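Below you'll find the structure, written out as structure tokens, and then a few comments.
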Amino acid sequence: MLAWASCHPPTDPFLLANNLPRCRTLRDTDPLLSRFITAGFLRTPAAAADLILRLCASLDPALRLLARRIFFSSMVVPCNDPFLWNAVIKSSTHGPAADPCAASLAFALMLSAGVSADRFSFSLVLKACSQDPSLHAGLQVHAVVLKSNLATELYLQNCLIAFYARGGHCELARRVFDRMPQRDSVSWNSIIDGFAKNGRMDAVEELFGRMKDRDRNLVTWNTMICCYAASLGGINHARELFDRMPQRDLISWNLIIDAYAKLGRMENAAALFKIMPAKDVISWTNLIAGYMEAGEVGLARQLFDEMPERDLITWNVMISGYVKNGSFAQALSLFHEMKTQANLTPDAITLAAALSAISELGRIYDGIAVHDYIKRNRLPLYGKLGVGLIDMYAKCGKLEEALQVFEASGNTVDHWNAIIGGLAIHGYGKQALELFHAMERLLLKPDDITFIGVLNGCSHAGLVDQGLKCFEIMKKDCKLEPKVQHYGCMVDILGRAGRLDDAWKIIVEMPMPPNGVIWRSLLSACRKQGDITMGQKVAGTLIQSGVCDLSSHVLLSNIYAGSGLWGDVRRVRMMMRQRESIKIPGCSWIELGGVVHEFVVGDISHPLSTEIYSLLELVRLQLV
DNA sequence: ATAGGGTTAG
């Protein structure tokens, strides 16, 4: 418990807070707390209550945490007024430093302190409970509602419907709804939205049909547009509703335009965008996202430059849009522009997009800078950020660092996939396999991406039996249907081991048509084994199926060359010339002294090529 | 930052 401190005329708490370096953790706020005490903010319970209220409303997470700490350690309980309790609960429910557990805890403490909860307390704590996937806390709050004298209030019934609907328990929401003596628009809208979000269109239609026309308001119509837009083939129905509704607001327009954009129907989206009466940042951002998804990077950029204001989501859409379309350099330059010019703080989505651009470009120093930023700001690694970091370090060849991040971050399948895949592409097949078995021991369910990594690792490390075994585990134990990539890995594994007939068998027996990559993988195995008969058989099939391209010709001619069949080499070369194929050279990069050099395979004119080749040779020797 | 709530859009 805090002692009530001696008096001093209170000044502004935010002036005191601003004079300290930015608080990031509860510990950082300790000096601030002692200054609050000496300044007299905790002189009386009333003064303390005032301070807590102000801190709870702050946008600084550390200050909100401090408020809760002062509140709980001093037990400022002003008679039976729930006002202060509600402020504390709200500070843990909304905005920065949101913490559903703290909200439920405050609510429970409130009840045990003998303060009876009011309508605000219930609605706040129910909102906090809906973040928790388990129903436990929420069901208990429901019981407290029923025992209180507020059980019959329409407003609280609506809160309960929203709580159950948000958690996906629409049948329970329906039970509350059905037992209500009277309902208003909010009740109807909440229950409809609950069913809509769970794909229960049958219930949505039934409920909407039963609604009286005077109960249907703008929110109802917008909710209906939203759920038809999200359901398969529902766009025309959504448009019908949009045209039929009595009046439309900005949300209605944004919903219908976004529905078209999500389907890639950009001409419809753009037409409506042009005629809408007012546009906000969401309208612009949705249209940009649609163009990015459709691969129209230029049009997206044009809109981005044209729009009056951009927020964090706009920048995120642009940066991840560039990444999706393979424009990694543009993604990175926009990322830097965002920090320097837009004065916005990147969030986990921005950083994850930036990391994937960085790993594609191999810009390890940018990657380390992002990692430092994440560490400085204590951003959690359990989501996409951890995965992005592991992937970035692995793709840049820094496997030690990748493993370190892996150990420090969350343990979702995606984290495991990133590290297993990273080890695999660098030839550490044994380690990839070990991690795969560790995953099994932890009863973590591998997915199809996991197996691409594992099989890839077996292929690179020549682990034939283990590869075959994993393929069986995938089908039998995990009940996963192998995709064309998995069959490709198997062809690779068998081909490298010289089991060309088995590889051939995989290709002809797989349930989907083989692609060019898979044939070329076998063809290149034929070249390595010097198996002309199989090589010709494969090449023949390739040419017949029309997926034959230049690299297949090159492989075939190499097979002949390897066996000294120079006549056949000439024949293939002739075929290549006849098709007037243009050689698309292989391209790679390497980093020397912090500068990334792009170079083209076979391009002797590159000033660094000699150096690069000797370096690559060194790397290869070290790996052996 | 300056006193609280239930339904709709990225």
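We name chains A, B, ... by the order of the sequence lines, and we start the count at 1 in each one. All values derive from a computational prediction rather than experimental measurement.
Rounded to whole Å, atom P of B:dG4 lies 14 Å from atom CZ of A:Arg54. In this structure, A:Leu84 atom CG and B:dT2 atom C1' are separated by 16 Å, rounded to whole Å. Protein atom CG of A:Leu124 is 7 Å distant from nucleotide atom C1' of B:dG5, rounded to whole Å. In this structure, A:Met224 atom CE and B:dT7 atom C1' are separated by 14 Å, rounded to whole Å. For the pair A:Phe120 CZ and B:dG5 P, the interatomic distance rounds to 8 Å; values are reported in whole Å. Residue A:Leu250 contributes atom CG, which lies 13 Å from atom P of B:dG10 at whole-angstrom precision. Whole-Å rounding puts the A:Ile288 CD1 to B:dA9 C1' distance at 16 Å. Summarising the geometry, the separation between CD1 on A:Ile52 and C1' on B:dA1 is reported as 16 Å, rounded to the nearest angstrom.
Listed by residue number, A:Asp184, A:Val186, A:Asn189, A:Ser190, A:Asp193 are the residues of residues 171-193 of chain A with a heavy-atom contact under 4.0 Å to DNA chain B.
Put simply, the side chain of A:Asn377 never gets that close to the backbone of A:Leu379: no donor and acceptor are under 3.5 Å apart. Between the A:Lys279 side chain and the A:Phe273 main chain, a donor and an acceptor come within less than 3.5 Å of each other.
A:Lys279 has no side-chain polar atom (N or O) that falls below the 4.0 Å cut-off from OP1 or OP2 of B:dG10. Residue A:Arg166 places at least one side-chain N or O closer than 4.0 Å to OP1 or OP2 of B:dT7. Distances shorter than 4.0 Å separate some side-chain N or O of A:Lys90 from OP1 or OP2 on B:dG5.
Heavy atoms of A:Leu255 sit under 4.0 angstrom from primed sugar atoms or phosphate atoms, though from no base atom. Looking at heavy-atom distances under 4.0 Å, A:Asp249 makes no contact with the nucleic acid at all. Among the protein residues, A:Ala57 comes within range of the sugar-phosphate backbone only, with heavy atoms under 4.0 Å from sugar or phosphate atoms but none that close to a base. No contact: A:Asp50 has no heavy atom under 4.0 Å from any strand. Within 4.0 Å (heavy atoms only), A:Asp118 reaches at least one base atom of the nucleic acid.
Judged as a side-chain contact (heavy atoms from CB on, under 4.5 Å), and not counting sequence neighbours, the contacts of A:Ile449 are A:Asn417, A:Asp447. For A:Phe195, there are no ring-ring contact (aromatic ring centres under 6.0 Å, His included) partners, not counting sequence neighbours.
If you check distances only, the side chain of A:Ser123 never reaches the base of B:dG5 with a donor-acceptor pair under 3.5 Å. For A:Asn316 against B:dG10, no side-chain N or O and base N or O form a donor-acceptor pair under 3.5 Å.
Listed nucleotides: B:dA9, B:dG10, B:dG4. Nearest to the side chain of A:Phe83: B:dG4. Which of B:dG5, B:dT8, B:dG10 sits closest to the side chain of A:Tyr155 comes down to B:dG5. For A:Ile313, the side-chain atoms get nearest to B:dG10 when compared with the rest of B:dG4, B:dT7, B:dG10. The side chain of A:Asp258 lies closest to B:dG10, out of B:dA9, B:dG4, B:dG10.
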(request) Could you walk me through whether A:Asn254 and A:Asn286 pass the side chain to side chain donor-acceptor pair (under 3.5 Å) test, one step at a time? (result) CA-CA 8 Å; A:Asn254 285 345; A:Asn286 286 347; 5.1 Å; no
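In this structure, a donor-acceptor pair under 3.5 Å is present between the side chains of A:Asn217 and A:Thr220.
Each of A:Glu171, A:Glu206, A:Glu205 was checked for a salt bridge (charged side-chain N to carboxylate O under 4.0 Å, His left out) with A:Arg200, and the lone residue meeting it is A:Glu171. No option in A:Phe163, A:Phe122, A:Tyr164 other than A:Tyr164 meets the ring pair (Phe, Tyr, Trp, His ring centres under 6.0 Å) test with A:His142.
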